[in-house]
Every structure is written in C-alpha cells, then in structure tokens.
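Written below as structure tokens is the structure these notes are about.
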Amino acid sequence: MTQPVSPPRGSADKIPSTTGAPAWRALLFRADVRTLSLLGVLAALIVIGGITKPDEFLDTRNLQLVLTQASVIGVVTVGMTFVITSGGIDLSVGAIVALASVWATTLATQEYGFGGILLTSVLVGLGCGLVNGLLIAYGGMVPFIATLAMLASARGLALQITDGKTQIVTVDGILDLGERDAYVLGVPPLVMVFAVVTIIGWLVLNRTTFGRRTVAIGGNAEAARLAGIDVRRQRLYLYLLSGLCCGIAAFLLIILSGSGQNTNGNLYELDAIAAAIIGGTLLSGGRGTITGSVLGVLIFTTITNIFALNNLQSDVQQIAKGAIIVAAVLVQRRTASTT
C-alpha cells in the first residue's frame, strides 16, 4: 500500500487554486482602497481650501473654474493612461496640444468657422499620433526618443506658425461656449466633454477587447504576440488615441482661452503622467485605471487652485507635486513587491 506523498515544506502557497475568486476579490479590494485613498486626499484638499480661503475656494464660480481647467488636462490624461498601460510613454502631448491649437486658430482655418477649427484640431492631433505610432510600432524606436523628437518638432512648428504671437479667435460659435450662458444646469460644456471622454475611456479600457489587448501588451508584449495579438498595430492605435485626445484637448483649450498660442500645453506631459501614476496606473505597464487618473487630475488641479488663491509661489507648487509623485511611485513599488 503506497503512502500519500506530502508536498515539500514551503510549497503550499505554490499550489494553484481551483478558483480565481479570491484573487479577484483581492484585486478589487486593492482597487477600492486605492480609489478611496485618492478620494480621501481630494477631500482633505477641499477641506484645506475651505479653511484657508472659505469665501473664494468654495465659491461656485471657483469650483466651476477648477473643473474646467481639469477638463483640458483630463482629456489628455485619458489618452496617456492607455499609452502607459501598454508599457509606453508619450512626452509629446503638450506640444501636440500647442500645435493643434495654433493650427486651428490661423486666419485661414477660422474662415471655415466652428467646424473648421474642431476638425483641424482633431486632424492635427491624429496626424502627430500617427507619426509617433509609426516610428514606435513599425520603426522600432524607443517611445521616449520618438515622442521627445515629436515634442521638439511640434513646439518648433507651433512657434513658426504663430511667429511668437497670440492668435485671437473671432468665431462666435467658439467664444459662446466659453460664456456662462452656455452652461447646462451650472455645468460648463468643457466639463461635459471631459465626462463623456472619461466614460468612453473607462468602457474601452475595461469592457472591450481593445482594452484587454492594451493591458496584455503592457504586462508582457512577447506573450501577447504569441497569443495572437498584433502588438505593433495595437501600439499604433494607442498613439493615435493619444493624439486624438490631444486634439480634443486643444479644441477645449481654444474655447477656454479664446486664442491659440505656441506656449499652450506647457508641461502637460508631466501633469498627465503624474496624474496617471498617482491614480494607480503602473509606469511599467500592465495595469491602468481611468477612474484613478481622473482623480489624480482633480487632485493636481485642486492643489494648483489652492496655491493660486493663497498667493504661494509656483516653485513651491512644483515641489509639492514632485513629492506626491515620488510618494505614489514608492507606494506602487511597495504594493508590487507584496503581490
């Protein structure tokens, strides 16, 4: 009669579970904790703003301003979340926003009215995203280098188009969207666009094959290729998506400022990356969260607003943002080491 063989000591945790439910519960628990933590930070900032400048910070107009400013960088961050989730990076988003905004506000473009400005913004964003995607996916360039080159080129072209001057928008349909009369139930049109982009982004990332493929190539591109995923084509689509978001953001910025400038989108790439990281998107790829990214955008925008209301220097604001980014990355590394 044979005796049952006991598993070696220390190997019990290596025996695969017959059900994935516990793992999924743990994953959802971590996601909930992360989201609740971000909501807690945002709530704390609102309390701080309410204490330091109660009459100004809690004013309806100021809260609308915070949401409006968050909408522009928020749309960019949605696209950036997809790119980072795939294991890539896009340093050119701010420059693409600048180029799209000045190209769409030239006198020749404004002759075509509202539709001409919107279409130009989107097409310029898509064009830049296409170049990035082709260089990275089919040209074999490292995303950091390819998008850095696009950053320099787009900034230079934006400066050449404007000759360093501000291009004023004269199309009434654009200017009217920036007025309070265009608000729906107190919600600015820019915020509604941001909400729609966020919802679509969440659905695509979490409920579609496209989203699953994005996560797969971010986790292990070679394994994704062996599983039948066209990694190069997927990466091309992702940079096209990032460019599209930049084009939409440029259009929102035109509405917000009523002009196009070559300095638009300054440091948007850093703000978008930072918002995605503190929201819980892994910089190494394989995990992304649209909800966390949006909360990250709101946190950074609220910090900027509080600093502005309290007349604090911008350098202190940048230091605070840097500290938040470092803390978020350290938390990510600690979480990854324990899973």
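For the single chain, residues carry numbers from 1 onward in sequence order.
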By side chain to side chain donor-acceptor pair (under 3.5 Å), T60 pairs with (sequence neighbours left out) none
The reported gap from CG in L256 to CD1 in I254 (rounded to nearest 0.5 angstrom) is 11.0 Å
| said: Run S71 and T68 through side-chain hydrogen bond (donor to acceptor under 3.5 Å, both in side chains) and show every step you take. | reply: CA-CA 5 Å; S71 298; T68 301; 5.6 Å; no
So, S101 side chain and A98 main chain: donor-acceptor pair closer than 3.5 Å or not? yes
- prompt: Taking it one step at a time, do T106 and V102 satisfy side-chain contact (heavy atoms from CB on, under 4.5 Å)?
  reply: CA-CA 6 Å; T106 60; V102 300; 5.9 Å; no
When rounded to the nearest 0.5 Å, the distance separating CG of L282 from CD1 of I277 is 9.5 Å
Exercise. Output, in order, the C-alpha distance, side-chain angles, deciding distance and verdict of side-chain contact (heavy atoms from CB on, under 4.5 Å) for V196 and M192.
Key: CA-CA 6 Å; V196 171; M192 290 187 287; 5.6 Å; no
| said: Applying side-chain contact (heavy atoms from CB on, under 4.5 Å) to L134 and Y239, what does each step give before you reach the verdict? | reply: CA-CA 9 Å; L134 289 175; Y239 283 95; over 6 Å; no
Q.
Donor-acceptor check, side chain of Q64 to backbone of G186, threshold 3.5 angstrom: yes or no?
A. yes
Transitively linked via ILVMFWY side-chain contacts under 4.5 Å: I199 with V72? yes
Q. So, do L253 and Y268 sit near enough that their side-chain heavy atoms are less than 4.5 Å apart?
A. yes
Output for pair (I200 CD1, L205 CG), nearest 0.5 Å, gives 13.5 Å
Near L107 CG, under 6.0 Å, is it more than 12 heavy atoms from other residues, nucleotides or ligands?
no
Report yes if some heavy atom in the side chain of F57 is under 4.5 Å from a heavy atom in the side chain of T52; otherwise report no. no
Verify, without hydrogens or angle tests, whether T109 (side chain) and T105 (backbone) share a donor-acceptor contact under 3.5 angstrom. no
- Query: Is the number of heavy atoms from other residues, nucleotides or ligands under 6.0 Å of Y112 OH greater than 12?
  - Reply: no
Hydrophobic clustering (ILVMFWY, side-chain heavy atoms < 4.5 Å, transitive) - are V83 and L151 grouped together? no
Check for a donor-acceptor pair, side chain of N62 on one end and backbone N or O of L58 on the other, with a separation under 3.5 Å. no
Salt bridge (Lys or Arg N to Asp or Glu O under 4.0 Å) filter on E111, not counting sequence neighbours, yields none
With sequence neighbours left out, the residues meeting salt bridge (Lys or Arg N to Asp or Glu O under 4.0 Å) with R225 are E222
With V66 as partner, the option from V191, T301, L298 fulfilling side chain to side chain contact (heavy atoms under 4.5 Å, CB included) is T301
**Asked** Does a side-chain heavy-atom distance below 4.5 Å link D90 with E269?
**Response** no
Note: G279 and T289 closest approach over all heavy atoms is O-CG2, 3.2 Å
Just wondering, do L159 and T263 contact through their side chains at under 4.5 Å, heavy atoms? no
**Study point:** Flag, side chain of Q160 to backbone of R155, donor-acceptor distance under 3.5 Å
**Key:** no
Between S86 and Q234, does any side-chain donor sit less than 3.5 Å from a side-chain acceptor?
no
By ring-ring contact (aromatic ring centres under 6.0 Å, His included), F114 pairs with (sequence neighbours left out) F251
Scanning both residues in full, the closest heavy-atom pair of V215 with G286 reads CG1-O, 3.2 Å
When rounded to the nearest 0.5 Å, the distance separating CD1 of I89 from CG of L148 is 11.5 Å
| query | According to a 4.5 Å side-chain heavy-atom criterion applied to Ile, Leu, Val, Met, Phe, Trp and Tyr, with indirect links allowed, do V294 and L203 form part of one hydrophobic cluster? | reply | yes
Q) Is there a path from L63 to L190 through hydrophobic residues (I, L, V, M, F, W, Y) whose side chains come within less than 4.5 Å of each other? A) no
What one should report as the nearest heavy-atom pair of V97 and G265 is CG1-CA, 4.4 Å
Full working for side-chain contact (heavy atoms from CB on, under 4.5 Å) between I117 and Q110: CA-CA 6 Å; I117 294 177; Q110 292 193 50; 4.1 Å; yes
I'd like to know if the side chain of S92 reaches the main chain of A95, judged simply by a donor and an acceptor atom lying under 3.5 Å from each other, with no hydrogens or angles considered.
no
The remaining residues in the hydrophobic cluster of L119, counting side-chain heavy-atom contacts under 4.5 Å among Ile, Leu, Val, Met, Phe, Trp and Tyr, are L123
Side chains of I96 and N132: closer than 4.5 Å at any heavy-atom pair? yes
> Do Y183 and P189 touch side chain to side chain, with heavy atoms closer than 4.5 Å?
Replying inline: yes
**Prompt:** Under the 3.5 angstrom rule, does the side chain of T147 hit a backbone N or O of L91 as a donor-acceptor pair?
**Reply:** yes
Of all heavy-atom pairs linking P143 and I136, the shortest is CA-CD1, 3.7 Å
Self-check item: Backbone of R61 reached by a side-chain donor or acceptor of D59 within 3.5 Å
Solution: yes
For residues T281 and R287, determine if any side-chain heavy atom of one lies less than 4.5 Å from a side-chain heavy atom of the other.
-> no
Tracing side-chain contacts under 4.5 Å among Ile, Leu, Val, Met, Phe, Trp and Tyr outward from V47 reaches I51
Report yes if some heavy atom in the side chain of L42 is under 4.5 Å from a heavy atom in the side chain of L38; otherwise report no.
no
query = Can you get from L244 to I290 by hopping between Ile, Leu, Val, Met, Phe, Trp and Tyr side chains that sit under 4.5 Å apart?
reply = yes
Between the NZ atom in K53 and the CG atom in N305, the distance rounded to the nearest 0.5 Å is 11.5 Å
Closest non-hydrogen atoms of V297 and T77, given as atom of the first, atom of the second and distance, are CG2-OG1, 3.4 Å
Could you tell me whether a side-chain N or O of Q167 sits under 3.5 Å from a main-chain N or O of N262, the two making a donor and an acceptor?
no
Between the CD atom in E179 and the CG atom in L177, the distance rounded to the nearest 0.5 Å is 9.5 Å
For S293 and T81 the tightest heavy-atom approach is OG-OG1, 2.8 Å
